[in-house]
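Single-structure report; data block below.
The structure displayed is predicted, hence computed values, not measured ones. Nothing fancy with the numbering, it's 1 onward along the sequence. Reckoned from all heavy atoms, side chains included, excluding hydrogens, waters and symmetry mates.
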Amino acid sequence: MSPSIAAVTPFSLVVGGLAFGAAMAQLGVLPTVATLVGLGSSRAGFAVHMAISAVVGAGFGLMVRRMRCGPSETVFLGAAYGALWWCIG
């Protein structure tokens, strides 16, 4: 992975988690996510969601770390990885 992609990846992961977290807030499902840890508030659900997003994002980072991908390939792989997790989750 090129140095420029390595610098952008953590920022992208946070933005992706925040964007999907905002969508989940609009849909009212964050309290349901909070039940994964025995709580029921939207704030707890958002915290759980961001923790899961960080783990999933770190998995993507480890996956592409040793690949020699350009920016466009990395974006494609990230979209495919995100779609996979969207289907799983």
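Side-chain contact between Val48 and Leu39: absent, with no pair of heavy atoms (C-beta onward) separated by less than 4.5 Å. A 4.5 Å side-chain heavy-atom check between Cys69 and Leu77 finds at least one atom pair inside the cut-off. You'll find the side chain of Leu30 stays beyond 4.5 Å of the side chain of Arg43, heavy atoms only.
Ala34 approaches Ser41 most closely through the heavy-atom pair CB-O, 3.4 Å. Nearest heavy-atom pair, Val33 versus His49, reported as atom, atom and distance to 0.1 Å: CG1-N, 4.1 Å. Considering every non-hydrogen atom in both Gly40 and Pro31, the closest pair reads O-CB, 3.2 Å.
Residues Leu62 and Val55 do not share a hydrophobic cluster, clusters being chains of Ile/Leu/Val/Met/Phe/Trp/Tyr side chains in contact below 4.5 Å. Val75 and Val56 end up in different hydrophobic clusters when Ile, Leu, Val, Met, Phe, Trp and Tyr side chains are linked at under 4.5 Å.
Listed by first and then second residue, the side chain to side chain donor-acceptor pair (under 3.5 Å) pairs that reach into residues 80-89 are Tyr81-Trp85, sequence neighbours excluded. Sequence neighbours left out, not one pair with a member in residues 21-43 passes ring pair (Phe, Tyr, Trp, His ring centres under 6.0 Å).
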